[in-house]
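One structure below.
Values below: every heavy atom of this structure, side chains too, minus hydrogens, waters and symmetry copies. Given the structure is predicted, the values throughout are model-derived calculations rather than measurements. Each chain gets a letter, A, B and so on, in the order its sequence line appears, and its residues count up from 1.
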Number of protein chains: 2
Amino acid sequence: MVTKALELVEAEGPDALTMRRLAAELDVTTTTIYWHVGSRDELITEIIRQQSEQLAARPIKGTTPRQRIMAAATHIWESAVEHRAITSLAHQSGASSLLQHPLEVALAAELEAAGLTGPAAALAQRSILATITGFLVLALRDEASIREDSRSTTLWASTEADLDRSTIDALAAPHDLPKLFEVTLQAVVDSQL
Amino acid sequence: MVTKALELVEAEGPDALTMRRLAAELDVTTTTIYWHVGSRDELITEIIRQQSEQLAARPIKGTTPRQRIMAAATHIWESAVEHRAITSLAHQSGASSLLQHPLEVALAAELEAAGLTGPAAALAQRSILATITGFLVLALRDEASIREDSRSTTLWASTEADLDRSTIDALAAPHDLPKLFEVTLQAVVDSQL
DNA sequence: TCTCGTTCTGTAACAGTGTGCAAGTAACAC
DNA sequence: GTGTTACTTGCACACTGTTACAGAACGAGA
C-alpha cells in the first residue's frame with residue numbers, strides 16, 4: 001500500500017497522490033486506507049521512511065577528505081534529483097530531514113574523517129546542507145509550471161537596470177546548474193576545512 | 001482588493017488566502033473577485049508584483065565591495081524573512097524570482113562595482129542567490145507544523161551512527177541560523193571575488 | 001422615453017480535496 | 001451457537017478553485 005503510493009508519486013508526481021486516486025489504484029475505498037495508515041500525513045511519512053531506507057548510502061569515492069566530502073554532498077544532491085517527485089513531496093510535508101537523514105549521516109562521517117568534530121562538524125554539516133537545499137529548490141522547480149513572465153530569465157531580459165549589457169545578457173541566459181552547484185559547494189566546503 | 005489580499009496573507013499566512021475568505025473580507029462574492037483578477041494565480045501574481053514594488057532597495061551600507069555585496073545579499077535574506085508569509089506564497093506559486101527581482105538588481109550592481117561583469121557576474125549572482133534560497137527554506141520552515149519525529153534535531157538525537165558523541169550532540173542541538181548564514185555566504189562571496 | 005451594450009455583482013452549481021461515522025462482512029476463538 | 005477482532009464499505013461533511021447564468025446599474029443613441 002505505501003509501496004503503491006510510492007510508485008504513484010514517482011510516476012505522476014506528488015500532486016497525483018490523493019486518497020481517492022490511491023484508493024482507486026488499490027481497488028478499495030478511501031476509508032480502507034485510513035484504517036491502515038491513519039491520515040494522509042502519516043501515509044506520506046511512511047512513504048518517505050520507506051524511500052529513506054532504500055536510500056542506503058552508496059559507497060563514497062575519493063581519496064582525500066576534501067574529495068570524499070564533496071562526494072558525500074553530491075550524493076545527497078544527486079539522489080534528491082533522481083527521485084525528484086519524492087523529494088518534492090517530502091519538502092512540501094516538511095519531512096525532507098527524514099528523507100535525507102541516512103545520507104546526512106554519511107556526510108557527517110566524512111567530516112569527522114577530515115578532522116572536524118563537535119560544534120565545528122555541526123557547523124560545516126549545516127552549512128553544506130543549506131547550500132544543497134538551495135540548489136535543490138532551483139533544480140526541482142518545474143519551469144514549465146511557472147508563468148512565463150515570472151521566470152528569472154524573462155525578468156532579466158526585460159530589465160532596464162544600470163548594468164553592463166554583457167551582464168544582463170548573461171543573467172538572461174539559461175545556466176548550467178550542476179556546474180554552478182559544484183563550484184559553490186566547493187567554496188563552502190573549502191571554507192570549513 | 002489586491003491590497004486587502006496582501007494584508008490577509010501577511011496577517012494569517014498564505015493558506016488563509018482562499019477566494020471565499022477574501023470575498024468575505026471584502027464583503028462581496030467570489031465571482032466579483034474573478035471578474036476583476038481572472039484567477040487565483042493572477043491574483044497572487046498581482047500581490048507579489050505590488051509587494052515587489054514596495055521592496056524598493058534600501059540603501060546599501062559598506063565601503064569595500066566585499067562589504068557591500070554582503071549587505072546586498074543580506075538585504076534579500078532579511079526582507080524575505082521579514083515578509084515571510086508573502087515569501088512563502090511566492091515560493092509556492094513559483095514566483096519568487098518576480099518578488100526578489102528588484103533586490104537582485106541591486107546585488108548585481110554591487111557585483112559590477114566589484115569588477116565582475118558578464119558571465120562572471122552571472123555566476124557569482126546565481127551562486128549567491130542559490131545560497132540565500134537554501135537558508136530561506138530553513139528559515140521559513142515552520143518547525144511547529146512539522147511532526148516531532150521528522151525534525152532534524154530529533155533524528156540526530158536518536159541516531160546510533162559511528163560518530164563522535166560530541167558531534168552528534170552538536171547536531172542534535174538547535175542552531176544559530178543568522179550566524180550560519182553569514183559564515184556560509186561570506187565563503188561563497190569570497191570565492192567569487 | 002425606449003432600447004441596446006457594457007460593466008459589474010449575486011445565486012447556485014460542478015468537480016475535486018481530506019476526513020469522520022455507522023454499519024456491514026468475514027474469519028477465528030470459545 | 002456467541003463474541004471479538006480485522007477489515008471494508010457507503011455516505012456525508014466541510015472545504016477548495018472555478019464557472020454558467022441571471023440580473024442590476026448606467027450611459028449612448030434613436
| query | Starting at OH of A:Y34 and ending at C1' of D:dA12, how long is that distance when rounded to a whole Å? | reply | 14 Å
| task | Rounded to the nearest angstrom, tell me the gap between atom CD1 in A:I33 and atom C1' in D:dA6. | result | 17 Å
| request: In plain terms, say whether A:R68 and A:E110 are close enough for a salt bridge, that is, a side-chain N and a carboxylate O under 4.0 Å apart. | output: yes
| request: For A:S97 and B:S152, test the side chains for any donor-to-acceptor distance below 3.5 angstrom and give the result as yes or no. | output: no
| field | First of A:R20 and A:T32 reached from the 5' end of DNA chain D, by closest nucleotide | value | A:T32
| said: Salt bridge or not between A:D41 and B:R147? Use side-chain N to carboxylate O under 4.0 Å. | reply: no
| request: Would you give the length of the straight line joining atom CG of B:L98 to atom OG1 of A:T154, rounded to the nearest 0.5 angstrom? | output: 10.5 Å
| message | If the condition is ring pair (Phe, Tyr, Trp, His ring centres under 6.0 Å), which residues does A:F181 pass it with, not counting sequence neighbours? | response | A:W77, A:F135
| said: side-chain hydrogen bond (donor to acceptor under 3.5 Å, both in side chains) for B:Q67 and B:T63? Distances and angles first, verdict last. | reply: CA-CA 6 Å; B:Q67 283 173 346; B:T63 51; 3.1 Å; yes
| With sequence neighbours left out, what residues match A:H101 under ring pair (Phe, Tyr, Trp, His ring centres under 6.0 Å)? | B:W156
| field | Distance, nearest 0.5 Å, that separates CZ of A:R126 from CD of A:Q192 | value | 12.0 Å
| field | Length of the CE-C1' vector between B:M19 and D:dT18, whole Å | value | 8 Å
| remark: So the contacted stretch of DNA chain C, first to last nucleotide with an atom under 4.0 Å from a non-hydrogen atom of chain B, runs from C:dT7 to C:dA13
| Stretch residues 22-31 of chain B: residues that reach within less than 4.0 Å of DNA chain C through a heavy atom | B:V28, B:T29, B:T31
| Which angle, rounded to 10°, do you find between the first-five-pair axis and the last-five-pair axis of the helix from C:dT1-D:dA30 to C:dC30-D:dG1? | 30°
| query | Would you say A:T167's side chain and B:G118's backbone share a donor-acceptor pair under 3.5 angstrom? | reply | yes
| With a 4.0 Å cut-off on heavy atoms, is B:L17 in touch with a base, just the backbone sugar-phosphate, or nothing at all? | sugar-phosphate
| query | Quick one: ring pair (Phe, Tyr, Trp, His ring centres under 6.0 Å) partners of A:H75, sequence neighbours excluded? | reply | none
| query | Thinking salt bridges, do B:E53 and B:R49 make one under a 4.0 Å N-O criterion? | reply | no
